Amino acid sequence: MKAIKLNNNKLLNNYFKLNFQELATLIREHHGPHYHFCSFCYSSVTESAMKSKRKTDHLERTANNFRQEVISPAKVCGITNESETVKRLRLAVTNKDFTFKAGQWVDFFIPEVSVVGGFSICSSPGLLEQDGVLELAVKHTVHPPAHWIHTQCSLDSEVALRVGGNFFFDPQPADSPVNLVLIAGGVGINPLFSILLHVADFHRNQETEKIGYQMGTVKLYYSAKNTNELLFKNNIFGLMNEFPGKIACSFHVTQQSSQICEELQPYITEGRISEKELEKHVSKDTLWYICGPPPMIESISKVLENFGVPTDCIYFEKWW
């Protein structure tokens, strides 16, 4: 598989005038010269989106975010149902220049779809380094990229990816240990789950080889409508059991209509995440990462600021 590097100024200063021919060439080199790729992919997104009053799309919302130069082909090598409304994709990427930091997202290019998707990566950087794969968990919506994933995507489907985002956790080995509080709402769990898995890798490296970054504790607060919409439950329970005292989680449900199963009851609180729960984690050695609906982020950020948490210790990604 080949990768294309795009001019940095074009990417960062004039992203919406991205050269379509470069991406079309990339796809055709991989699929063959007669492969169909929508020629209005960028112009339609740019011109119509900028003029309309509809909700802004991924490219507009993230135009000022960091983006890598590399666009890499990827092949779907796994599809599972994470919930009734969320599909979990595993994508194989052979380009060695393709890397990401825990918490970042990808631009998701589908050859036959005219809209570029944007999905947070939910796997760890270590999985990409070891196995050459990454994972996305995508909720079903009418948005064309998400709709394609739920209705047309299959094993061996081929797409292209580019990494971007300013929301990540990437400590270096010599950095001082910190504690993390991760606060997720709905599918906002995706980048925070990536961070949680990255933290687990740090703990494993310390336990087995005594090398790498020395991680503090992590507390995950995860809120969803009901237990069926709590993604990655089994994976999170596994991490809690593997690292007791180092990784902990509190699940919250806000619209639960059925009985909570006995297995989950010790971990589930009905109702929103409370200020009292958050206040006990306030310390000078704690970083806060929040991802979810904008009203949730704004509310929790204000609570943390009222507790005296410095704004440079609060990181957030709004999930539209």
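If you're wondering where the values come from, they're calculated on a predicted model, not measured in any experiment.
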Subject >> Residues forming a side-chain contact (heavy atoms from CB on, under 4.5 Å) with Cys313, sequence neighbours excluded >> reply: Leu287, Val309, Pro310
Original post:
What's the spacing between Asn190 CG and Cys291 SG if we round to 0.5 Å?
Top reply: 8.0 Å
Original post:
Which word best sums up how the rings of Phe232 and Phe193 line up, parallel for under 30°, tilted for 30 to 60°, or perpendicular for over 60°?
Top reply: parallel
Original post:
Are Thr62 and Arg67 close enough that a side-chain donor and a side-chain acceptor fall under 3.5 Å?
Top reply: yes
Subject >> Co-membership, hydrophobic cluster, residues Val138 and Trp105, 4.5 Å side-chain >> reply: no
Original post:
Does a side chain donor of either His252 or Ser250 reach within less than 3.5 Å of an acceptor in the other side chain?
Top reply: yes
**OP:** Answer yes or no: is there a donor N or O on one side and an acceptor on the other, between the side chain of Asp201 and the main chain of Arg204, under 3.5 Å?
**Re:** no
Subject >> For Pro144 against Val115, the heavy-atom pair lying closest together >> reply: CG-CG2, 4.0 Å
Original post:
Can you tell me if Ser123 uses its side chain to pair, donor with acceptor, with the backbone of Glu135 under 3.5 Å?
Top reply: yes
Original post:
Does some side-chain heavy atom of Ile183 sit less than 4.5 Å from a side-chain heavy atom of Met296?
Top reply: yes
Original post:
To the nearest 0.5 Å, what is the distance between NZ (Lys233) and CG (Asn228)?
Top reply: 6.5 Å
Original post:
Taking Ile297 as the fixed residue, which of Pro293, Pro294, Ser301 is the one that meets the side chain to side chain contact (heavy atoms under 4.5 Å, CB included) rule?
Top reply: Ser301
Subject >> Ring centres under 6.0 angstrom apart (Tyr289, Phe167) >> reply: yes
Subject >> Heavy-atom pair of closest approach, residues His198 and Ser124 >> reply: N-CB, 4.1 Å
Original post:
Do His281 and Asn179 have side chains that get closer than 4.5 Å, going by heavy atoms?
Top reply: no
Subject >> Verdict with supporting geometry, Ile236 and Ile247, side-chain contact (heavy atoms from CB on, under 4.5 Å) >> reply: CA-CA 9 Å; Ile236 293 170; Ile247 293 178; 6.0 Å; no
Original post:
Quick one: do the Asn95 and Ser72 side chains pair a donor with an acceptor below 3.5 Å?
Top reply: yes
**OP:** Answer yes or no: does atom CD of Gln265 have more than 12 heavy-atom neighbours from other residues, nucleotides or ligands under 6.0 Å?
**Re:** yes
**OP:** Give the minimum heavy-atom separation between Gly103 and Glu317, together with the two atoms involved.
**Re:** O-OE2, 4.3 Å
Subject >> Working for side-chain contact (heavy atoms from CB on, under 4.5 Å), residues Gln68 and Asp97 >> reply: CA-CA 10 Å; Gln68 289 185 0; Asp97 291 329; over 6 Å; no
Original post:
Taking a hydrophobic cluster as the set of Ile, Leu, Val, Met, Phe, Trp and Tyr residues connected by side-chain heavy atoms closer than 4.5 Å, whether directly or through intermediates, do Val159 and Val133 fall within one such cluster?
Top reply: no
**OP:** Report whether Val303 and Val181 are members of the same hydrophobic cluster (ILVMFWY, side-chain heavy atoms less than 4.5 Å apart, transitive linking).
**Re:** yes
Original post:
So with a 6.0 Å cut-off around NE2 of His147, is the heavy-atom count from everything else above 12?
Top reply: no
Subject >> Gap separating the CZ atom of Phe109 from the CD1 atom of Ile71, nearest 0.5 angstrom >> reply: 4.5 Å
**OP:** Report yes if the distance between the aromatic ring centroids of Tyr267 and Tyr222 is under 6.0 Å, otherwise no.
**Re:** no
Original post:
Should we count CD of Glu262 as having more than 12 external heavy atoms under 6.0 Å?
Top reply: no
**OP:** Taking all non-hydrogen atoms of both residues into account, name the closest pair between Ile149 and Lys87 and its distance.
**Re:** O-CD, 3.8 Å
Subject >> Rounded distance [0.5 Å steps], CD1 in Ile195 versus SG in Cys122 >> reply: 12.5 Å
Original post:
Considering residues, nucleotides and ligands other than Phe98, do more than 12 of their heavy atoms fall under 6.0 Å from its CZ?
Top reply: yes
**OP:** Nearest 0.5 Å please: distance from the CZ atom of Phe119 over to the NZ atom of Lys139.
**Re:** 13.0 Å
Original post:
Can you check whether Trp288 reaches Val282 side chain to side chain, under 4.5 Å on heavy atoms?
Top reply: yes
**OP:** Indicate yes or no for a side-chain donor-acceptor contact from Thr80 to the backbone of Glu82 under 3.5 Å, with no hydrogens or angles considered.
**Re:** no
Subject >> Verdict with reasoning, Phe251 to Ile260, per side-chain contact (heavy atoms from CB on, under 4.5 Å) >> reply: CA-CA 12 Å; Phe251 294 101; Ile260 297 173; over 6 Å; no
**OP:** May I ask whether Leu220 and Val86 are part of the same hydrophobic cluster, defined by side-chain heavy atoms of I, L, V, M, F, W, Y residues being less than 4.5 angstrom apart, directly or through others?
**Re:** yes
Original post:
Between Asn226 and Glu229, is there a donor-acceptor pair closer than 3.5 Å when you use the side chain of the first and the backbone of the second?
Top reply: yes
Subject >> Glu207 with Lys246: basic N within carboxylate O range, under 4.0 Å >> reply: yes
Original post:
Can you tell if the side chain of Tyr213 reaches within under 4.5 Å of the side chain of Val178, non-hydrogen atoms only?
Top reply: yes
Original post:
Are the side chains of Met215 and Leu180 in touch, meaning some heavy atoms are under 4.5 Å apart?
Top reply: yes
Subject >> Main-chain N/O of His150 paired with His140 side-chain donor or acceptor, under 3.5 Å >> reply: no
Original post:
If we only count heavy atoms from C-beta on, is the Gln206 to Gln214 side-chain gap below 4.5 Å?
Top reply: yes
Original post:
Can you tell if the side chain of Glu277 reaches within under 4.5 Å of the side chain of Lys219, non-hydrogen atoms only?
Top reply: no
**OP:** Heavy atoms only: give me the nearest His58-Val106 pair and the separation to one decimal.
**Re:** NE2-O, 4.3 Å
Original post:
When hydrophobic residues are tied together by side-chain contacts of less than 4.5 Å, even through go-betweens, does Leu91 share a cluster with Leu127?
Top reply: no
**OP:** Consider only side-chain N and O atoms of Ser258 and Gln256, and report whether a donor and an acceptor are under 3.5 Å apart.
**Re:** yes
Original post:
What's the spacing between Phe100 CZ and Phe168 CZ if we round to 0.5 Å?
Top reply: 13.0 Å
Original post:
Is there a side-chain contact (heavy atoms from CB on, under 4.5 Å) between Asn166 and Asn64 once you walk through the steps?
Top reply: CA-CA 10 Å; Asn166 303 326; Asn64 295 323; over 6 Å; no
Subject >> Among Val70, Val93, Asp107, Ile121, the one residue meeting side chain to side chain contact (heavy atoms under 4.5 Å, CB included) with Leu161 >> reply: Val93
Original post:
Any side-chain heavy atom of Leu304 within less than 4.5 Å of one from Ile290?
Top reply: yes
**OP:** Specify the closest pair of heavy atoms between Val113 and Pro145, including all atoms of both residues, with the distance to one decimal.
**Re:** CG1-N, 4.4 Å
